[in-house]
Protein chains: 2
Amino acid sequence: MTEKQEKILSTALKLFAEEGFAATSTSKVAKMAGVSEGLIFRHFKNKDGLLQAILQQAEESAKILMSDIILTAEPKELIRKALELPFIIAPQEYEMWRLTYALKWQTNQYESSKLDPLKLVLKSAFEKLNYADPAAEAELLLMFIDGAATALLLHEPNNKTEILNTLKSKYQL
Amino acid sequence: MTEKQEKILSTALKLFAEEGFAATSTSKVAKMAGVSEGLIFRHFKNKDGLLQAILQQAEESAKILMSDIILTAEPKELIRKALELPFIIAPQEYEMWRLTYALKWQTNQYESSKLDPLKLVLKSAFEKLNYADPAAEAELLLMFIDGAATALLLHEPNNKTEILNTLKSKYQL
DNA sequence: TGTAAAAGTGAGTAATCGCTCACAAATGTA
DNA sequence: TACATTTGTGAGCGATTACTCACTTTTACA
């Protein structure tokens with residue numbers, strides 16, 4: 001990966017996340033990255049290729065976060081790790097997550113199946129803890145994780161710790 | 001409001017929600033609405049004016065939903081109504097909500113203050129019920145409502161009722 | 001009915017879009 | 001050094017963009 005190539009990626013991520021993919025022109029990316037516009041197409045073929053390159057990096061980061069949870073044996077610890085997920089996202093990864101969250105609402109961009117392994121492992125954790133409806137509990141927890149991540153990405157609340165503790169208490173954690 | 005004016009609004013809402021605001025051209029809206037492109041600008045001044053007209057309708061719908069909750073005196077009933085909110089959205093309003101949710105991620109579009117009255121009234125309800133941290137509880141519930149609405153708008157799950165019941169049980173409802 | 005205002009049209013505008021391509025500079029390898 | 005490959009440039013392409021405007025049609029009302 002060239003230095004200019006990385007600059008294109010980071011600049012595009014920033015602009016796509018802040019202003020939207022469709023609203024960001026390749027010429028703007030090039031100008032802001034200090035690079036000729038042609039270079040974008042040399043390296044990434046077209047504008048969508050540029051987006052895919054960014055999303056591929058994002059997916060790798062997501063996989064790392066997910067695998068740590070999935071490999072947890074103890075059910076209570078697994079649930080705790082899952083609901084802490086939105087709270088441990090590093091600020092330097094905010095742009096990446098804002099972009100992926102924004103793209104969810106674009107047609108054909110959202111794949112709910114990506115969360116299936118997490119959903120499965122959560123369900124089994126709730127089963128082990130004898131919850132009445134493990135499937136619904138898993139779905140519910142995923143909904144909350146999504147809502148919490150949204151809130152943290154859009155307007156970091158001042159009482160993060162209290163919110164997390166309140167949530168934990170609902171699962172006796 | 002003219003018939004063609006309404007047709008422009010409904011068509012634009014559909015396209016903006018499905019493909020995004022920036023990705024939808026005014027010519028496409030006009031073509032699909034069976035209207036000359038110039039008429040859009042006659043009625044709504046510019047593309048952003050068209051969006052604002054749509055969002056104004058959306059805000060009125062939102063206010064109706066909110067006011068019913070806010071005017072509820074009994075704290076338990078208020079909380080119940082709040083967490084049922086995402087589950088009672090009518091399918092014909094999905095497009096409208098998808099658009100507003102998608103626009104949250106665009107710069108300068110999101111105003112968290114819109115939820116402040118709801119947050120306030122929820123906090124006071126949790127206070128009356130002697131919850132340990134009413135402010136955190138209110139924030140938490142709003143996060144869930146957001147997550148649930150997102151899930152329902154993106155991929156209607158098959159076990160809606162079970163999820164809602166599971167959630168209600170966490171608040172002894 | 002006469003007429004002014006409002007609604008509606010569609011060709012036309014400059015600007016910008018994503019993208020190509022001929023070419024130059026830098027780099028790796030022998 | 002010689003040369004092939006990769007990296008990088010920027011002018012330029014046709015298509016599309018948001019928007020204007022001179023014009024016609026419809027509507028409202030005295």
Side-chain angles (χ1 to χ4, degrees), chain A residues 1-58 95-96 98-100 102-103 105-109, chain B residues 1-58 95-96 98-100 102-103 105-109:
Chain A
M1 184 98 77
T2 321
E3 194 177 327
K4 298 209 172 186
Q5 208 165 344
E6 284 180 26
K7 194 73 205 292
I8 291 172
L9 280 176
S10 64
T11 306
L13 169 58
K14 180 184 169 72
L15 289 174
F16 289 170
E18 283 177 1
E19 308 180 6
F21 173 70
T24 304
S25 67
T26 50
S27 81
K28 190 170 186 177
V29 173
K31 214 166 284 175
M32 206 170 247
V35 144
S36 71
E37 196 177 353
L39 193 60
I40 293 178
F41 296 93
R42 160 126 306 165
H43 282 313
F44 305 101
K45 192 180 176 188
N46 51 34
K47 195 187 174 186
D48 195 69
L50 174 57
L51 176 62
Q52 295 309 323
I54 293 171
L55 293 183
Q56 199 172 330
Q57 290 186 328
E95 276 176 356
M96 204 196 69
R98 285 202 187 99
L99 177 60
T100 59
L103 287 174
W105 300 95
Q106 240 63 39
T107 30
N108 308 322
Q109 282 289 352
Chain B
M1 182 100 74
T2 322
E3 195 177 325
K4 298 210 172 188
Q5 207 165 343
E6 285 180 24
K7 194 71 206 293
I8 291 172
L9 280 175
S10 63
T11 307
L13 168 58
K14 181 185 168 71
L15 288 173
F16 289 171
E18 283 176 0
E19 308 180 5
F21 173 70
T24 303
S25 67
T26 50
S27 81
K28 190 171 186 176
V29 173
K31 215 166 283 174
M32 206 169 246
V35 142
S36 71
E37 196 177 352
L39 193 59
I40 293 178
F41 297 93
R42 164 135 317 219
H43 283 312
F44 305 101
K45 193 181 176 189
N46 51 34
K47 196 188 173 185
D48 196 69
L50 175 56
L51 177 62
Q52 295 308 323
I54 293 171
L55 293 183
Q56 198 172 328
Q57 290 186 328
E95 276 175 356
M96 203 196 70
R98 285 202 187 101
L99 177 60
T100 58
L103 286 174
W105 299 96
Q106 240 62 39
T107 29
N108 308 324
Q109 283 288 352

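None of these values were measured; they are calculated from a predicted model. Basis for what follows: all heavy atoms, side chains included, without hydrogens, waters or symmetry-related copies.
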Quickly work out the [X] [atom1] to [N] [atom2] distance and round it to whole Å.
X     : N      : atom1 : atom2 : result
A:R42 : C:dA25 : CZ    : P     : 15 Å
A:L51 : C:dG18 : CG    : P     : 13 Å
A:L39 : D:dA11 : CG    : P     : 16 Å
B:I40 : D:dA18 : CD1   : P     : 9 Å
A:F41 : D:dG12 : CZ    : P     : 18 Å
A:E6  : D:dG8  : CD    : C1'   : 16 Å
A:I8  : D:dT7  : CD1   : P     : 12 Å
B:L15 : D:dA18 : CG    : P     : 12 Å

Which heavy atom in A:K47 sits nearest to a heavy atom in A:F21, and how many Å separate them?
NZ-O, 2.9 Å
OP1 or OP2 of D:dA18 less than 4.0 angstrom from a side-chain nitrogen or oxygen of B:T26, does that happen here?
yes
Using a strict 4.0 Å threshold on nitrogen-to-oxygen distance, state whether A:K14 and A:E18 make a salt bridge.
yes
Nucleotide nearest [X] when distance is taken to its side chain, options [options]:
X     : options                : answer
B:H43 : D:dT17, D:dT9, C:dA7   : C:dA7
B:S27 : C:dG10, D:dA18, D:dT17 : D:dT17
B:S25 : D:dT7, D:dG10, D:dT17  : D:dT17
B:N46 : D:dC19, D:dG8, C:dG8   : D:dC19
B:K47 : D:dC19, C:dA7, C:dG10  : D:dC19

Working for side chain to side chain donor-acceptor pair (under 3.5 Å), residues A:S27 and A:E37:
CA-CA 6 Å; A:S27 81; A:E37 196 177 353; 5.0 Å; no
A:Q5 side chain vs A:H43 backbone, donor-acceptor pair below 3.5 Å
no
Counting only N and O atoms by type, is there a donor-acceptor contact under 3.5 Å from the side chain of B:Q106 to the main-chain atoms of A:E19?
yes
If you look at every strand shown and take non-hydrogen atoms under 4.0 Å, does B:E37 touch a base, only sugar-phosphate, or nothing?
base
Most 5' of A:D48 and B:K4 on DNA chain C, judged by nearest nucleotide:
B:K4
